[in-house]
Amino acid sequence: MTTQHLDREPLTMDELAAVIARDIPAGSFVNLGIGHPTKIADHLPEDLGVVLHTENGMLGMGPRAEDDAMDADLTNAGKVPVTELPGASYFHHADSFAMMRGGHLDVCVLGAYQVAVTGDIANWHTGRPGDIPAVGGAMDLAIGARNVYAMMTLFTKSGAPKLVPACTYPLTGVGCVSRVYTDFGVFDVGPSGMGLRETYGVTEADLRARLGLWT
Amino acid sequence: MTTQHLDREPLTMDELAAVIARDIPAGSFVNLGIGHPTKIADHLPEDLGVVLHTENGMLGMGPRAEDDAMDADLTNAGKVPVTELPGASYFHHADSFAMMRGGHLDVCVLGAYQVAVTGDIANWHTGRPGDIPAVGGAMDLAIGARNVYAMMTLFTKSGAPKLVPACTYPLTGVGCVSRVYTDFGVFDVGPSGMGLRETYGVTEADLRARLGLWT
Amino acid sequence: MARATVLGTTDEAVAGIEDGSTVLVGGFGLAGMPFDLIDALIRQGAGDLTVVANNAGNGEVGLAALLKAGRVRKMICSFPRQADSYVFDGLYRAGKVELEVVPQGNLAERMRAAGAGIGGFYCPTAVGTPLAENKEVRRIDGRDYLLEYPIRGDYALISADKADPVGNLVYRKTARNFGPVMATAATTTIVQVNEVVELGDLDPDSVITPGIHVDRIVQAETRHYTVQGTR
Amino acid sequence: MARATVLGTTDEAVAGIEDGSTVLVGGFGLAGMPFDLIDALIRQGAGDLTVVANNAGNGEVGLAALLKAGRVRKMICSFPRQADSYVFDGLYRAGKVELEVVPQGNLAERMRAAGAGIGGFYCPTAVGTPLAENKEVRRIDGRDYLLEYPIRGDYALISADKADPVGNLVYRKTARNFGPVMATAATTTIVQVNEVVELGDLDPDSVITPGIHVDRIVQAETRHYTVQGTR
């Protein structure tokens, strides 16, 4: 059953961050990928008890550090200075990625170039000749959490869908994404097929037509 | 060239411990197996800077703890209460055995039922029916250090050599021992053949004859 | 993995452990053994357990008491036979408990692999020995290795020195032993601690087990300072 | 592994590094980067290096300066391309440096394997992606894994917060990153620290890198507190 939010425009990335934040269960351990997903942190109420993991070796990450609070020894995975919350802990990279790969994180939210209806994700490399490949922790994150969500605009600037039958960009992970949050709608994806949970500023029928994914 | 110490009896286990201690280079990281090898610690001068590893998770182990110094949280691999020296560190079992398996220890001295001239060692299981097998860290220790030495009496109580062409007891490790310290003599062993370094209370010729290892 | 919960009693801490579970039990001999949790597990009644631990109990306390109560179907451990392991020895000889012997370092590394999402690893330990039987051998860079698989637990019962309310743990001396590894390898990790401290009281740089690996915390009822053999 | 030595200068600390060495360089971006050791390595002159690090340099300092000096034949890293990685970008596009991209977690785990004597391990990361090319795939319990091999270093250059005279290390916050793993994976581990403390000043329960993994220690000449992008 799809909920259609038709009394409004499609979501801004900040509104989308709030929508994702509402879906994160209390007390979860969460990794927010570089880029748009970082914004989700601003919408997590403190009393929800969500603990943020940053793969460069920390649990209990607080908000971005400003001015005097900036410490060169305390950054997030995007190398942005951050702060430490009470109950934080530090660990080395092998332990940090063991934590991720071992399935200890509840949710990871990743930005994406493309997500396939099968749950494949492409977010590390455009594949364009001359582009320097740089994967960082993307592939580890993609397979690491119990629930991997993608957060992206649904269409490219030129209007091409980024939710696709099969990714054309080099893959980051196979069948690992279970939900895709976009400005126009929220989708379930994976091996058992795709479902449309919500639409924003567009009807289900219009969205299906525009994506060309259903017949 | 074999050095023959003929003006004396064969070594006691305590004297043997002192002989081994003299061969341990200054500043080495050393693991001493349960049983006779534990005695070697008593013969390591403090200024030699040898650091003792105990595989249950400690570097910088000090002497056995007595009376009030006994702490249930501080034992060696034989579960004997020990003490902590300045500069000690604690770590968990996976890190401790990674340290060993990764070749970071300079010397490990093990007790043995049998050692083969090829460097095989048997020290964990008699193989007798009804005996409960218990390996502990023996197999990890046998392959873990850069130099693995065996310390044992050369003959069983019934007079059978324990330095043998091939072990008859179940193996602990293959080709891993490089030197065998015994009450009657010190031997080099390994893939390149065996050599007799020193004898105690017996001539080289007598010892060779008694072992029946050389023709 | 919701955040850790601090419970009031060891009985609450071990609630829900099912018959047939695989339970990782911390400790090296008596050091670090979670005595109170094991006593609670005996009261709780779960049986047909597979227990993974370094030893198979000492005297009649802790793991030995669990064995004596007949709750253990199989022991996976490195060193069952000790001077005071008579409870296990008797059960084993009577065919009442199965035994799988695993080298100590492999026991630790296989649990680490389970916690770290590693599917298997090549290990040089035990090559050419009876414990290599039925294991795949692979030669890498001129050295032989055995393929070892992860050991996972449904539950881990461990002890630590201090916990904060979100489950961060620090340990004391060699009582640390298997605790940090077992905490990562079990679906539900239950910890008895000497002390529950306030949030913010642990130095984040000195935390050994981050709270993400801990599910239930309980303050130990009695602090065990008994040295093995002197009990 | 003789015991660690505390040296007076960074030049002494990097003495003897040969042309063609594989050097593991700590740091995640600028956090934890051993700036002084890299500067000393540039003065020392070793070239034709294979450098293993998370990134490929920022601005013109640290690793970027080493690259700019033309000493690096190959970079093995997870994330070379950054906003300020123009030195590497230029060299790479000019064909003057080779690049091997390794997922960040695999980079860490492969160095851990080297330090832990593991011959190889099965890892689920990168299955089905271009980075799986030429890697052996194995299905274990219904999931596919890639066989990954250890990455060893001849030298590791890392930074830590404090060392004691026997080489025990503690780190500060996320500057810890690759330090503890690289320390185990190199034949010779060289560490710059903010402070060398007296023997006994570090709590043995809080030591992160035991001294056995450390060979040379030097106090950093300047304490780097520059935050990336604000330099």
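In what follows, chains are A, B, ... by sequence order, proteins preceding strands, each numbered from 1.
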Quiz item: So what's closer than 4.5 Å to chain D heavy atoms on A/D120: side chain, backbone, both or neither?
Solution: neither
Practice problem: Could you check if a side-chain atom of A/R101 sits within less than 4.5 angstrom of a side-chain atom of D/C123, using non-hydrogen atoms only? | Solution: yes
Self-check item: Neighbourhood of chain D inside residues 164-173 of chain A, taking heavy atoms under 4.5 Å as contact
Solution: A/P170, A/L171, A/T172, A/G173
Quiz prompt | Side-chain heavy atoms of A/D71 within contact of D/K173, under 4.5 Å | solution = yes
Practice problem: Go through D/R143 and A/I143 one step at a time and tell me if the side-chain contact (heavy atoms from CB on, under 4.5 Å) criterion holds. | Solution: CA-CA 11 Å; D/R143 188 176 192 190; A/I143 58 100; 3.9 Å; yes
Quiz prompt | Rounded distance [0.5 Å steps], CE in A/M58 versus CG in D/N177 | solution = 13.5 Å
Exercise. Could you check which of A/G130, A/G136, A/S96, A/A98 has the highest count of heavy-atom pairs closer than 4.5 Å to chain D?
Key: A/G136
Quiz prompt | Any side-chain heavy-atom pair of D/N55 and A/K79 under 4.5 Å | solution = yes
Practice problem: Would you indicate whether the side-chain heavy atoms of A/H93 and D/F28 approach each other to under 4.5 Å? | Solution: yes
Quiz item: Do D/T174 side-chain atoms and A/D73 backbone N/O form a donor-acceptor pair below 3.5 Å?
Solution: yes
Quiz prompt | N/O donor-acceptor pair under 3.5 Å between D/R176 side chain and A/Y90 backbone | solution = yes
Self-check item: chain A-proximal positions within residues 98-118 of chain D [heavy-atom distance under 4.5 Å]
Solution: D/L99, D/V101, D/V102, D/P103, D/Q104, D/G105, D/N106, D/A108, D/E109, D/R112
Quiz item: What distance separates D/S78 OG from A/W124 CH2, expressed to the nearest 0.5 Å?
Solution: 11.0 Å
Quiz prompt | Structural part of D/Y92 lying under 4.5 Å from a heavy atom of chain A | solution = side chain
Quiz item: A/G175, A/S89, A/P133, A/G57: which one forms the most heavy-atom pairs within less than 4.5 Å of chain D?
Solution: A/P133
